[in-house]
Asks: 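Below you will find the structure I want to go over with you.
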Amino acid sequence: MSGGRRKEEPPQPQLANGALKVSVWSKVLRSDAAWEDKDEFLDVIYWFRQIIAVVLGVIWGVLPLRGFLGIAGFCLINAGVLYLYFSNYLQIDEEEYGGTWELTKEGFMTSFALFMVCVADSFTTGHLDHLLHCHPL
Amino acid sequence: MSTMFADTLLIVFISVCTALLAEGITWVLVYRTDKYKRLKAEVEKQSKKLEKKKETITESAGRQQKKKIERQEEKLKNNNRDLSMVRMKSMFAIGFCFTALMGMFNSIFDGRVVAKLPFTPLSYIQGLSHRNLLGDDTTDCSFIFLYILCTMSIRQKILGLAPSRAATKQAGGFLGPPPPSGKFS
């Protein structure tokens, strides 16, 4: 589906070295926002993935969601939420960015590593009492 | 067990510090040099130009156009190679520093369970996640495993000094996986 609904917007000013300005966040939740700079959009996808990784990591560790079901659940939710965001909500043309696979793998491994760190930390923290009970020193 | 939580936080802190140290060393030896800045700007410009040209080229494009693109690709490959050579200096320095640091941290955290995993890692990863730990509980997490995970998640986010996606894509294997092009301000 092409981005025919996108309006023309004046080009967003950018700092040198590709750093994003605050105005990017105002575009993130607007389904009709125009994304002239591809790198900017890919950075949004990247950081969204990291946020999802932190949130899911903490929840999964606190619940806790054990086993590979938790990992598989994270992968599905991470990929699924972002896919729904860029495909259904923003309705961007994936081919402009190298296809759905390129958008799906953008920042995925980093977010997975971050998820693992958050899960380990929150599981260790949230279940100290249980671990103490099971492994008395 | 409360020391386990402290160890976890400490390892996250250590990985942030070592990532900053690595970037700092690279900045001192590489990023602030004129040669690197010039090469990086050249590579960025050429990559974007080449990407635009490749998008507009059609199947029926003349031989001259294709040869022009090949020449530009060759020029870009040479510049990328020069860029990699410039970064080689910092890689050696970082390698040397980190060998010493890792030896020190490994001896400090030797035999210590720094976190508990809510799952059992795959058998070929257990060699890393259960490294130097006593007992058979495979949900015990060793220092090195947690450190590697922290480094993987933190390292790519720091600063915005790496080449852009366009440059990395054109360079292929030279520069590794594309990092984010900048940071949010």
Side-chain angles (χ1 to χ4, degrees), chain A residues 14-22 24-25 37-40 42-47 50 53-54 57 60-61 63-71 96 98 102 105-107 109-133 135-137, chain B residues 1-9 11-12 15 31 37 40-41 44 48 51 55 113-122 125 129 135 137 139-141 145-157 159-169 177-185:
Chain A
Q14 270 195 322
L15 299 173
N17 205 29
L20 296 167
K21 290 191 71 101
V22 176
V24 169
W25 292 111
D37 187 351
K38 286 181 189 176
D39 276 352
E40 191 178 78
L42 288 173
D43 284 349
V44 166
I45 297 289
Y46 178 94
W47 288 108
Q50 312 316 309
V54 171
W60 264 222
L63 277 175
L65 211 55
R66 293 176 185 266
F68 284 100
L69 181 68
I71 296 175
E96 274 184 42
E102 288 297 323
K105 69 178 186 162
E106 179 67 31
M109 284 315 295
T110 314
S111 71
F112 183 71
L114 185 58
F115 164 75
M116 295 283 281
V117 170
C118 292
V119 153
D121 286 356
S122 58
F123 180 71
T124 304
T125 313
H127 294 84
L128 273 178
D129 288 342
H130 175 70
L131 294 170
L132 248 175
H133 179 74
H135 301 279
L137 294 175
Chain B
M1 284 295 176
S2 61
T3 57
M4 199 188 288
F5 176 56
D7 283 346
T8 308
L9 287 183
I11 290 166
V12 173
S15 66
Y31 292 154
K37 286 179 189 170
K40 188 186 163 192
E44 298 281 346
K48 286 198 161 73
E51 210 174 298
E55 279 171 6
V113 177
V114 298
K116 291 292 281 185
L117 302 171
F119 59 91
T120 301
L122 296 169
I125 295 180
S129 68
D137 188 355
T139 60
D140 288 342
C141 181
F145 186 63
L146 189 60
Y147 176 79
I148 287 171
L149 288 176
C150 289
T151 305
M152 278 173 65
S153 60
I154 290 165
R155 186 69 73 92
Q156 291 195 52
K157 293 184 188 181
L159 308 175
L161 298 170
S164 70
R165 285 185 183 80
T168 315
K169 214 195 305 183
S181 62
K183 56 181 169 38
F184 286 96
S185 59

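Per chain, numbering begins at 1; letters A, B, ... match sequence-line order.
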Asks: What closest approach, in Å, do B:Leu149 and A:Met116 show between heavy atoms, and which atom pair accounts for it?
Replies: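 Between these two residues, the closest heavy atoms are CD1-CB, 3.6 Å.
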
Asks: Under a 4.5 Å heavy-atom cutoff, which of A:Gly61, A:Gly67, A:Gly70, A:Gly107 has the most pairs with chain B?
Replies: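 With the most close heavy-atom pairs to chain B, the winner is A:Gly67.
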
Asks: If you count heavy-atom pairs under 4.5 Å with chain B, which of A:Ile45, A:Ile71, A:Leu63 comes out on top?
Replies: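 With the most close heavy-atom pairs to chain B, the winner is A:Ile71.
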
Asks: Going by the rule side chain to side chain contact (heavy atoms under 4.5 Å, CB included), which residues pair with A:Lys105 if we only count those two or more places apart in sequence or in a different chain?
Replies: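 With sequence neighbours excluded, A:Lys105 shows a side chain to side chain contact (heavy atoms under 4.5 Å, CB included) to A:Trp101, A:Glu102, given in chain and number order.
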
Asks: Closest approach of B:Lys116 and A:Phe123, non-hydrogen atoms and distance?
Replies: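 Result for this residue pair: O-CD2, 3.1 Å.
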
Asks: Taking C-beta and beyond as the side chain, do A:Asp121 and B:Val12 meet within less than 4.5 Å on heavy atoms?
Replies: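 Yes, side chains in contact.
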
Asks: Heavy-atom distance under 4.5 Å to chain A: side chain of B:Ile11, backbone, both or neither?
Replies: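 B:Ile11 has no heavy atom closer than 4.5 Å to chain A.
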
Asks: Please walk me through it: do A:Phe68 and B:Leu122 pass side-chain contact (heavy atoms from CB on, under 4.5 Å)?
Replies: CA-CA 10 Å; A:Phe68 284 100; B:Leu122 296 169; 4.0 Å; yes

Asks: What is the distance from atom CZ of A:Arg66 to atom OG1 of B:Thr120, rounded to the nearest 0.5 Å?
Replies: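 The distance works out to 9.5 Å.
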
Asks: What heavy-atom pair brings B:Pro118 and A:Leu65 nearest, and what distance separates the two atoms?
Replies: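 For B:Pro118 versus A:Leu65, the nearest heavy atoms are CB-O, 4.2 Å.
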
Asks: Please classify the contact of B:Cys141 with chain A as side chain, backbone, both or neither, using a heavy-atom distance under 4.5 Å.
Replies: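 Neither part.
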
Asks: With side chains defined as the heavy atoms from C-beta onward, is the minimum distance between B:Phe119 and A:Leu69 less than 4.5 Å?
Replies: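 B:Phe119 does not reach A:Leu69 side chain to side chain.
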
Asks: So which atom in B:Phe5 and which in A:Thr124 form the shortest heavy-atom distance, rounded to 0.1 Å?
Replies: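 Of all heavy-atom pairs spanning B:Phe5 and A:Thr124, the closest is N-CG2, 4.5 Å.
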
Asks: Restricting to side chain to side chain contact (heavy atoms under 4.5 Å, CB included), what partner residues turn up for A:Ala53, sequence neighbours left out?
Replies: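 Applying side chain to side chain contact (heavy atoms under 4.5 Å, CB included) to A:Ala53 gives A:Phe74, A:Ser111, A:Leu114, A:Phe115.
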
